[in-house]
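In this chain, residues are counted from 1 in sequence order.
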Amino acid sequence: KTNRMWRQRIKIMGVDQHCKEKMPTTVKTIACGMVNRTVATDAGMISESIYTICGSKPSNATVDTLVFRNLQINAASSTTQYKVCYCHRDDACVTDPLSWKSVVQQITVRAPGFTWSTDPKMLYRYMGSPVKLTVMREPFTSYSLNSAWRVRVNSATLGCDYLSSITEEVAPGEYNSAMGSHAGSPDVASWDISLNLEMASAGDYVVCLAEDGVTFRTIASTDSSLLTIRKFDSDHISPAGVFSMQKFSALAGRATAVTPMDRQAGTVEVKGYRLPTPGQDRLALRKGT
């Protein structure tokens, strides 16, 4: 008989959330994909999006216990309550939200006592001048010297334990452990961050702080646990020009179309986007092997 214990899944949700909803962005190491579900009701068919394709599998499973290791919940700007949702019906976890049950009603993650802010608040992948990243501590929550604080700005998928090439772009020259200016307050430090990212590097990041300069942990802003670096509107528009990597072929000695679109013998059809009209481009052909 197939051992189904390894197919059991959990989700970590806010205490006021339904188990079928999307997990908070502060929850890491567990991912749940979205499923579109249609339900028949007295009022007709209703469509909804549920997040029930979940990993990871248990690291240990017996008839009495399940163990999930290396779970991570990033701190928010305020103390936050969570619950654990559990599903054991592997054949129904994806399609039936009622298969998910709350089994642990309260997990408390206390605020770290630190928050960050940026000036300007809205960031894009390229900024003409340095962005000011400021970390603030609530008075008397800790007693470390702000001159020892270090920060990293890492991709949200990596967390605080890794240094990546993306992070080097965010804080060039300081290798993401930059010393900040202290602004005359023992509870405030600021860093100048240069942003000059490729389009693919835009996205969500986490701000990591090490009070001792060594051990990093995530901190949040007053609005979000993530620092979002946006693309420009023009990044979503295909550049004008001829599409690359196009291929053409023809039989030697025959006057025939050299594209699948056989409009006219000997015609080469080159595809592109927003090409100028009338076209002044030229096409050169060379003998192949």
Side-chain angles (χ1 to χ4, degrees), residues 8-37 47-59 66-88 93-118 121-123 133 135-138 141 151-162 164 166-167 202-209 215-230:
Q8 300 171 87
R9 295 293 184 265
I10 63 170
K11 296 175 67 177
I12 299 176
M13 309 295 296
V15 288
D16 297 325
Q17 287 186 285
H18 192 283
C19 290
K20 68 182 179 181
E21 296 179 20
K22 187 176 182 179
M23 287 191 300
T25 57
T26 51
V27 177
K28 305 299 179 183
T29 66
I30 299 177
C32 291
M34 184 184 73
V35 177
N36 291 318
R37 175 173 177 260
S47 297
E48 63 175 350
S49 296
I50 58 177
Y51 294 80
T52 50
I53 306 177
C54 297
S56 302
K57 68 180 182 180
S59 56
L66 283 177
V67 178
F68 293 85
R69 300 186 187 278
N70 300 319
L71 301 181
Q72 178 182 336
I73 304 176
N74 289 342
S77 58
S78 59
T79 298
T80 309
Q81 308 290 337
Y82 299 89
K83 66 181 180 181
V84 175
C85 294
Y86 163 74
C87 182
H88 72 282
C93 291
V94 173
T95 58
D96 184 8
L98 296 179
S99 299
W100 291 85
K101 307 294 182 183
S102 298
V103 292
V104 177
Q105 289 298 325
Q106 185 169 312
I107 299 174
T108 301
V109 178
R110 299 191 179 280
F114 292 85
T115 56
W116 57 264
S117 63
T118 62
K121 188 172 182 178
M122 185 170 291
L123 305 182
L133 171 66
V135 173
M136 297 153 287
R137 172 174 56 189
E138 293 183 20
T141 54
V151 293
R152 291 177 182 170
V153 182
N154 272 11
S155 170
T157 58
L158 295 177
C160 292
D161 295 331
Y162 298 92
S164 70
I166 294 177
T167 315
D204 290 331
Y205 289 76
V206 289
V207 176
C208 307
L209 174 71
T215 306
F216 288 87
R217 58 174 176 163
T218 58
I219 59 175
S221 73
T222 55
D223 301 320
S224 173
S225 62
L226 299 174
L227 185 154
T228 299
I229 298 177
R230 295 169 171 81

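- Rounding to the nearest 0.5 Å places CG of Leu123 at 11.0 Å from OH of Tyr205.
- Inspection of the Asn70 and Gln72 side chains reveals no N or O donor paired with an N or O acceptor under 3.5 Å.
- The shortest heavy-atom contact between Cys54 and Arg9 is O-NE, 2.9 Å.
- With sequence neighbours left out, Tyr51 forms a side chain to side chain donor-acceptor pair (under 3.5 Å) with no residue at all.
- Listed by chain and residue number, Glu48 satisfy the side chain to side chain donor-acceptor pair (under 3.5 Å) test with Lys20 (two or more places apart in sequence, or in another chain).
- No donor-acceptor pair closer than 3.5 Å links the side chain of Arg69 to the backbone N or O of Ser59.
- The shortest non-hydrogen separation linking Tyr82 to Asn74 is OH-O, 4.2 Å.
- With rounding to the nearest 0.5 Å, the separation of CG in Asp204 from CG in Asn154 is 13.0 Å.
- Looking only at distances, no side-chain donor or acceptor of Lys101 sits under 3.5 Å from a matching main-chain atom of Cys19.
- Of the inter-residue distances, the one linking Ile107 atom CD1 with Ile73 atom CD1 reads 5.0 Å to the nearest 0.5 angstrom.
- Here the closest non-hydrogen pair linking Trp100 and Asp96 is CD1-O, 4.1 Å.
- Considering all non-hydrogen atoms of both residues, Thr52 and Cys93 come closest at CB-O, 3.1 Å.
- Of the listed residues (Leu227, Ile219, Leu226, Thr26), just one forms a side chain to side chain contact (heavy atoms under 4.5 Å, CB included) with Val206, and that residue is Leu226.
- Rounded to the nearest 0.5 angstrom, Gln17 CD and Met23 CE are separated by 9.5 Å.
- Here the closest heavy-atom approach between residue Gln81 and residue Thr108 is recorded as OE1-OG1, 2.8 Å.
- Rounded to the nearest 0.5 angstrom, His18 NE2 and Met13 CE are separated by 9.5 Å.
- Going from atom CH2 of Trp116 over to atom CE of Met136 covers 9.5 Å, rounded to the nearest 0.5 Å.
- Listed by chain and residue number, Ser225 satisfy the side chain to side chain donor-acceptor pair (under 3.5 Å) test with Thr25 (two or more places apart in sequence, or in another chain).
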